[in-house]
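The structure appears below as structure tokens.
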Amino acid sequence: MARQTQRDRQKQLRERHRTERRPNRDDVARVLLVWAISGHLKEGRSDRVDELGDILVAQLVDQGFAERASYEVFDALVDRYRHGDVHFRRKVHLQA
């Protein structure tokens with residue numbers, strides 16, 4: 001009997017999650033970020049958005065990302081969410 005490779009196990013796991021319509025870590029993180037930023041913007045709390053950005057950028061820098069580039073990406077997301085541009089990539093496998 002052939003041993004199952006890590007690649008095969010991951011493929012089966014992804015397929016099972018797809019069948020179960022189970023969100024992954026990135027899906028949850030994406031929704032949480034939109035919710036946090038949009039909520040603070042609706043409340044007029046740009047100070048909280050700035051605080052969130054500082055926290056996230058510090059964590060990204062700790063992981064080795066460039067500080068300036070991290071702020072640029074975060075600020076671009078905030079601008080998108082501020083203008084209502086919150087379109088997630090369509091997950092075709094979740095469409096009924």
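Every value quoted in this text rests on a predicted model; they were computed, and no experiment measured them. FYI, side chains are in, hydrogens and waters are out, and symmetry mates aren't considered; it's all heavy atoms of this structure.
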The residue among Asp54, Ile55, Val49, Asp47 that forms side chain to side chain contact (heavy atoms under 4.5 Å, CB included) with Glu51 is Ile55
For Arg68, which residues count as a side chain to side chain donor-acceptor pair (under 3.5 Å) partner, sequence neighbours excluded? Glu72
Would you please name every residue forming a side chain to side chain donor-acceptor pair (under 3.5 Å) with Gln12, sequence neighbours left out? Gln4
Please check if the number of heavy atoms outside Arg7 that lie under 6.0 Å from its CZ is greater than 12. no
Grouping I, L, V, M, F, W and Y whenever their side-chain heavy atoms are under 4.5 Å apart, do Leu33 and Tyr71 come out in a common cluster? no
Single-linkage hydrophobic cluster Phe74~Val61, side-chain heavy atoms < 4.5 angstrom: no
Measure the shortest side-chain to side-chain distance between Leu52 and Arg48 over non-hydrogen atoms and say whether it is less than 4.5 angstrom. no
Is there side-chain contact between Val57 and Val73, with at least one heavy-atom pair below 4.5 Å? no
Euclidean distance, [Y] [atom2] relative to [X] [atom1], rounded to 0.5 Å:
{"X": "Glu20", "Y": "Glu15", "atom1": "CD", "atom2": "CD", "answer": "10.5 Å"}
{"X": "Leu77", "Y": "Leu56", "atom1": "CG", "atom2": "CG", "answer": "10.0 Å"}
{"X": "Leu13", "Y": "Arg18", "atom1": "CG", "atom2": "CZ", "answer": "10.0 Å"}
{"X": "Arg30", "Y": "Asn24", "atom1": "CZ", "atom2": "CG", "answer": "7.0 Å"}
{"X": "His40", "Y": "Arg45", "atom1": "NE2", "atom2": "CZ", "answer": "8.0 Å"}

Salt bridge (Lys or Arg N to Asp or Glu O under 4.0 Å) filter on Asp62, not counting sequence neighbours, yields none
Are Asp8 and Lys11 close enough for a salt bridge, meaning some N to O gap below 4.0 Å? no
